[in-house]
Amino acid sequence: MSTLAGCQFSAGRLTAEMNASRVFASSSCYQIPTNLRRSIAASGPASPLPSSHPLLSPHRGYRRVAAHFKPSSSSSPVSGSSDVSSPAGVSSISSTGASAELPILSPLPSSAPGPAPGNEAPLGPVLLAVAVACAGSFAFGFNLSVINGPLETIAGDLGIAGNKALMGLVVSSTLAGAALGSLAGGGVADSLGRRMSFLLAAVPMMGGPLLSAVASDITLMTLGRFLTGTAIGLSSALVPTYISEVAPTRIRGTLGTLNQLTICLGILGALLVNVVLPAAQWRAMFTAAALPAVLLGLGMLLGPESPRWLASQHRDAEAAEAARRLWGPQGPAELDTSRTSAAAAAAAAAAVDGSSPGTAVAQPGGLALLRGPAARPLLIGVTLFAFQQFAGINALVYFSSSVFRQAGGCGGCRAGVSSDALASAAVGATNVLGTVIAAGLMDRAGRKQLLANSFLGQAAAMFAMAAGFSLPALQPQAGTIAVVGTLGYILAFALGAGPVPATIVPELNPLSTRGKAVSAAFVSHWVCNVVVGQTFMSAVQSYGLAPVYTFFGIMALAGAFYVRSQVPETKGKTLEQIEAELRGDAKSA
């Protein structure tokens, strides 16, 4: 059947004539002879079918249908029909006149998409590339958490003991740097590429902790923490973007979850370092914090660039080589398939905003992102991270120990350093467990279902804890409710609200604005993180835990409603399919 090709049609008539008795000598003959196919392809003014047309596919099933043909003794053209001379030994068939039923071929309809990049390739190269990128995620979690244990000792060594404002500056400078890094990261990633952006991020990711390790005063410590935060902000947007572009469609959700998982492992690693090393060795802790940056830098020096980003820059040879490295020998062909889909999306974009399809790789910034088909996925990303933070996750993580103590301790255990460490360990372990479970469900249950149910679980846990803190009948069990509710909340978060936003935001945004849109989403994350962290304890002092937790529960319910009504599902779709669908929605809106 592989020789069924070259057929041309004009004005609804066959452009060639052939002899049925010779071509279809038996009912089992389903192919056009090569010499006849060449003759047909060379004949007539009709435009050939595109190579992607189903009629020309050698891999589809076929069925016989009845067609009306009239044997013709002449090979010359006649009025009202399009004929070609038959090759030697083959008579002709006319498309006009009396009819005779003959078995010919018609393709079975098929809507199956072409192969998605990497779906049939060995996973080793992709997993290695994702593991290298996730070194940035590990650094994210480790650097944010490693300061918690030795903070009091650091303050004493730097001469700021008892100065809560300056101690807070050591912590908040990292968050400020992260917000700035996220803001700048999108333009860097879209202009210089994902790989080069990782290499740039590795410099402050290594230099910041080392500067903090040798700091002798608050100025150097704050500068080191700020540089570290800048690197965290850059990598927080880069890692999910890179993973989404190199991962095969069938496991893109699972691999995207590794970003959140390695953040959690970084947090646990910092906790372990705080336990193993005495607080007086805080300089060694900061030195250890530079190691993930070394791995990230070396890995990206040797690793591949995102083939999709290279293709968007028209660097076709480099894109093909990167696709081959990641997805095997079929990688370049599969990348071409995705680029064909992207071209269709570009044409749809042109129909929406009146631009030329050739401008699909243009990279608008600033307020331009709020116009056209890129606006909706951008706003979805910003909103999802706002709901994630205002549902209270970092308030519980940062202040879980003090919450346990205020509620009566961990089931009556004595408060102190040991119970604080136990509370942190329990929160971290639950977060890791839930993220591992989410990784197995992401490409089966789907992003939307996991995220909506996660917000509902968080709301239920918050309302339960608020009741335990406020209802007199539950006061004897307040400690148990606080522990179980907090761990239940963390588990619900890890199953959806933790990993899904960073996974789905790069999936939803088009390639031309993906870096900037993911950065905008993470700016929302860091700004809301700071707002919640700075206001939580004062709100608790003013209103009490129950009203504050009730507010968090209401925000989680609102997040679930928003996901159900506004967020599209991306499970099982290529990035190009998602882009085309969202552009189509924008056109019909």
Side-chain angles (χ1 to χ4, degrees), residues 139-181 203-233 266-267 269-293 394-406 415-421 423-424 428 526-527 529-542:
F140 177 161
F142 190 94
N143 280 290
L144 276 183
S145 303
V146 73
I147 191 71
N148 294 339
L151 182 58
E152 295 285 347
T153 303
I154 292 172
D157 290 348
L158 298 183
I160 59 171
N163 191 326
K164 297 297 183 182
L166 291 180
M167 291 173 64
L169 181 63
V170 173
V171 177
S172 61
S173 59
T174 307
L175 300 180
L180 181 62
V203 175
M205 190 179 292
M206 180 172 58
L210 293 179
L211 187 59
S212 296
V214 299
S216 57
D217 55 44
I218 184 62
T219 301
L220 282 180
M221 174 60 70
T222 302
L223 179 59
R225 294 298 291 170
F226 180 81
L227 288 175
T228 302
T230 302
I232 289 174
I267 294 172
L271 173 64
L272 179 62
V273 168
N274 287 167
V275 171
V276 172
L277 296 179
Q281 296 188 25
W282 56 269
R283 298 183 188 276
M285 298 180 190
F286 284 125
T287 302
L291 294 179
N394 281 311
L396 256 70
V397 171
Y398 294 158
F399 303 105
S400 57
S401 299
S402 60
V403 168
F404 288 155
R405 289 195 298 270
Q406 181 169 336
V417 175
S418 60
S419 62
D420 287 353
S424 298
W526 291 113
V527 170
N529 185 327
V530 171
V531 170
V532 172
Q534 293 298 314
T535 60
F536 174 71
M537 289 308 293
S538 60
V540 170
Q541 292 171 0
S542 300

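Worth knowing before you read on, the calculation uses all heavy atoms, side chains too, and leaves out hydrogens, waters and symmetry mates.
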Please report, to 0.1 Å, the donor-acceptor pairs under 3.5 Å made by any side chain of residues 211-221, with sequence neighbours excluded.
{"from": "Ser212", "atom 1": "OG", "to": "Gly208", "atom 2": "O", "distance (Å)": "3.3"}
{"from": "Asp217", "atom 1": "OD1", "to": "Thr219", "atom 2": "N", "distance (Å)": "3.1"}
{"from": "Asp217", "atom 1": "OD1", "to": "Leu220", "atom 2": "N", "distance (Å)": "2.9"}

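- Taking CE of Met285 as the reference point, atom OG1 of Thr153 lies at 8.0 Å (rounded to 0.5 Å).
- Rounding to the nearest 0.5 Å places CG of Asn394 at 8.5 Å from CG of Leu175.
- Listed for the Ser173 side chain is a donor-acceptor partner under 3.5 Å among the backbone atoms of Val170.
- Residues Thr174 and Phe226 form no side-chain contact, since every pair of their non-hydrogen atoms from C-beta on lies 4.5 Å or further apart.
- Shown here for Asn274 and Gly149, the closest heavy-atom pair between the two residues is OD1-N, 3.4 Å.
- Taking both residues in full, the closest heavy atoms of Ala290 and Pro209 are given as N-CB, 4.1 Å, listed atom of the first, atom of the second, then distance.
- The two atoms that bring Ser145 and Ala270 nearest to each other are CB-CB, 3.7 Å, heavy atoms only.
- Using a 4.5 Å cut-off on side-chain heavy atoms (C-beta onward), Leu151 and Trp282 make no contact.
- Once rounded to the nearest 0.5 Å, the distance linking CE of Met206 with OG1 of Thr287 reads 12.5 Å.
- Distance check: Leu169 CG to Arg225 CZ gives 11.0 Å after rounding to the nearest 0.5 Å.
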Inset, instruction - Kindly indicate, with the supporting measurements, whether the criterion side-chain contact (heavy atoms from CB on, under 4.5 Å) is fulfilled by Phe286 and Ile154. - result: CA-CA 11 Å; Phe286 284 125; Ile154 292 172; 3.8 Å; yes
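- Note: Met167 CE to Ile147 CD1 = 9.0 Å, rounded to the nearest 0.5 Å.
- Summarising the geometry, atom CG belonging to Leu272 is positioned 9.0 Å from atom CZ belonging to Phe142; distances are rounded to the nearest 0.5 Å.
- Between Val532 and Ala395 the shortest heavy-atom distance is CG1-CB, 4.0 Å.
- The backbone N or O of Ala539 lies less than 3.5 Å from no partner atom in the side chain of Ser542, so there is not a single donor-acceptor pair.
- Between Gly156 and Ala161 the shortest heavy-atom distance is CA-CB, 4.0 Å.
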